[in-house]
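Report on the structure given below.
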Amino acid sequence: MWSIATQRLLDEDGKILANEHRELIRKRVNELKNEICALHRLHNTLAPINRLPPEILSRIFVQSSAECRRDSLSWIQVTHTCHNWREVALDCAALWSDISFVHPAFTKVMLARSKNAPLHVDLRTSYTRTTPVIYEALSEVLDQGSRLRSIAIDNVTNTRRSGMLHLRRFLSKCVTAPVLEELRLHTSLDHCLNSGFLQGGSPTLKHLEISGCIISNWNTIPSGAALIKLDLTRSHGQENKMLSGSGFISLLKNMPSLENLHIQFLLPRGLYSQSPAAAPFTHPKLRILELIDYPENIERFLRAVHVPNAENITFSLDDDVNFPYENPDLTALFGALQSSWHKVVSAGIGELRVSRDAPSYNLMPSHSFWLKFNNPASTTSVQSPYTLDLRRVRTINMDTGDVLLAVEQCWGMLELQILDLDTDDEMAFHTWAVMSDLPKLQGITTVSEQSFYDLFQYLIEEHTEERPNEPIFPFPALSSITVEDVVLDPESLDEWGIVFRGRPEHAPDLKVTLSQCSGLTREIFDDITARVGSRVEVVWEGQFR
């Protein structure tokens, strides 16, 4: 029943001294424990998942840990599952190279186990107390400048548990980063860029995102020929009067591969060149441009920097005290954009959408204007649309119709095919008169009672006004009208026959879609359908009252 060694110990009971016997038994117990442990390991090794090669198992560990390592160390449990998993995990440098600061004392352990693998640093003060331990851990990590592959430091927090880190003296340790590809630095009123950080070079840097740092000089911003995305946001309370336009141009010249540029309230306020005749700088690689600033600063940028191949441009004219007494000079802004983006603007606007912005605290209502341009003739192979997103346009003495007229005045809208209006602003008759003459306008969508009834009243007046020598034919290419979220007035619907029956024979058939509207019964709908004639299809998407 027992093994020979065990049976021998049982048979010697009372035959040898007790202390000697106890020592032999203890040694035998340890032998048996080691045998059991070896059998357990073999048993676990024969499990299907442990038949995977170590490199596959390592990849599984890395992927699974990515879900939770930002705010916990629960992924460490993979080292406590079995002997095989622990050996594989401890030997996997990539598992430990994504440095966590949730428990700063453990950060040093991760750094040691990461061997010579490239490091990914993710420090968020919302999860970490700013104690001497974290300062020591961060200092040791940043000393590894030759291994840093990505750095993400979020030093903005509102919790009592944590506080702001003083980054200047720690970032000064990292002067060069030869393999760094991504840097995200979010802080508040911090002078950390003046510490010599990365001034020795970061030749492989591709993604740079800086928010809240005091920028006293454009030279303090890391740059390089490999940079693809640059995102700069001004620190609240910082003035950028000292940032020169010429320095900004030099910064862009140092980024010849730049494709995505986002600047928020950091555009230079002065001249970009002392010579009015200086040629603008052209950045041929730039594809995405987003500027959030005062219109005059955006205008100066566009006159100094040309982006002929940009595909998506976004301007936000939002600020706490933006335009308190006057309207923005959109004509000057549009003119500057035409010179900077001439090839695209000249191709014509194919689609224009107007939408109400979400209310903002202590700010007057505003609208956004989204324009899709036709592909320029020289880039017909490009499938993605060329778009302009003009956000947070607040007006005092003009409405959205005036903005549309400014677009027409500066660029023309002869190529416009789709017009989408989501606004409570009243659209004046002269605005609709301009729209009604557009030769390619095929579809109009209105998402408010105001814009729908403004359009309808314009059509009624056009059809009832006596013009003996002039044919009445507004919107010659119109084939679709969509009305959304409108309470329909049954009395005004009686005039639909006047508006739609008089369409000339050469005009396209018209489809009118009533979506999520109210105020109709089945009888009224059938009466409308009969009044408009066979060439107008009325579609109801909703419930009858």
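Please read these numbers as outputs of a predicted model, since none were measured by experiment. Computed from heavy atoms alone, side chains included, the values below leave out hydrogens, waters and symmetry copies.
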Decide side chain to side chain contact (heavy atoms under 4.5 Å, CB included) for Ile298 and Leu267; before the verdict, give the C-alpha distance in whole Å, the side-chain angles of both, and the deciding distance to 0.1 Å.
-> CA-CA 7 Å; Ile298 296 177; Leu267 290 176; 4.0 Å; yes

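- The aromatic rings of Tyr294 and Phe265 stand perpendicular to each other, their planes meeting at an angle above 60°, with 30° marking the opposite boundary.
- Checking His367 against Thr423 by side-chain atom types alone, a donor-acceptor pair falls below 3.5 Å.
- For the residue pair Arg391/Ser355, the side-chain donor-acceptor check at 3.5 Å is not satisfied.
- Comment: Arg22 does not engage Glu20 in a salt bridge, judged by the lack of any side-chain N to carboxylate O separation of less than 4.0 angstrom.
- Contact check on Lys15 versus Glu12 returns no salt bridge, with no Lys/Arg side-chain nitrogen under 4.0 Å from an Asp/Glu carboxylate oxygen.
- From Leu24, atom CG reaches atom CZ of Arg8 across 10.5 Å, with rounding to the nearest 0.5 Å.
- In this structure, Arg269 does not pair ionically with Glu296, as no charged nitrogen and carboxylate oxygen lie closer than 4.0 Å.
- Side-chain atoms of His186 and Glu209 form a donor-acceptor pair, as typed in the model, at a separation below 3.5 Å.
- Between Arg184 and Glu182 a salt bridge is recorded (basic side-chain N to carboxylate O distance below 4.0 Å).
- One side chain, Asp357 or Ser366, offers a donor N or O that lies under 3.5 Å from an acceptor on the other.
- For the residue pair Arg303 and Ser340, no side-chain donor N or O sits within less than 3.5 Å of a side-chain acceptor on the partner.
- The number of heavy atoms from other shown groups lying within 6.0 Å of CD (Gln77) does not exceed 12.
- Looking only at atom types and distance, the side chain of Asp389 has no donor-acceptor partner in the side chain of Ser368 under 3.5 Å away.
- Put simply, the side chain of Thr107 gets close to the backbone of Ser100: a donor and an acceptor are under 3.5 Å apart.
- Under a cut-off of 6.0 angstrom, the local environment of CZ in Arg59 is sparse, with at most 12 non-hydrogen atoms contributed by other residues, nucleotides or ligands.
- For NZ of Lys115, the number of neighbouring non-hydrogen atoms (other residues, nucleotides, ligands) closer than 6.0 Å is greater than 12.
- The backbone N or O of Ser244 sits less than 3.5 Å from a side-chain atom of Trp218, completing a donor-acceptor pair.
- In this pair, Trp75 and Phe106 present their aromatic rings perpendicular. The plane angle is above 60°, beyond the 30 to 60° band.
- Using a 4.5 Å heavy-atom cutoff, the side chains of Phe101 and Val141 are in contact.
- Remark: Asn84 engages Asn50, Leu57, Cys82, Val88 in a side chain to side chain contact (heavy atoms under 4.5 Å, CB included) (not counting sequence neighbours).
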Step-by-step side-chain hydrogen bond (donor to acceptor under 3.5 Å, both in side chains) determination, Asp422 to Ser448 = CA-CA 6 Å; Asp422 180 3; Ser448 71; 5.6 Å; no

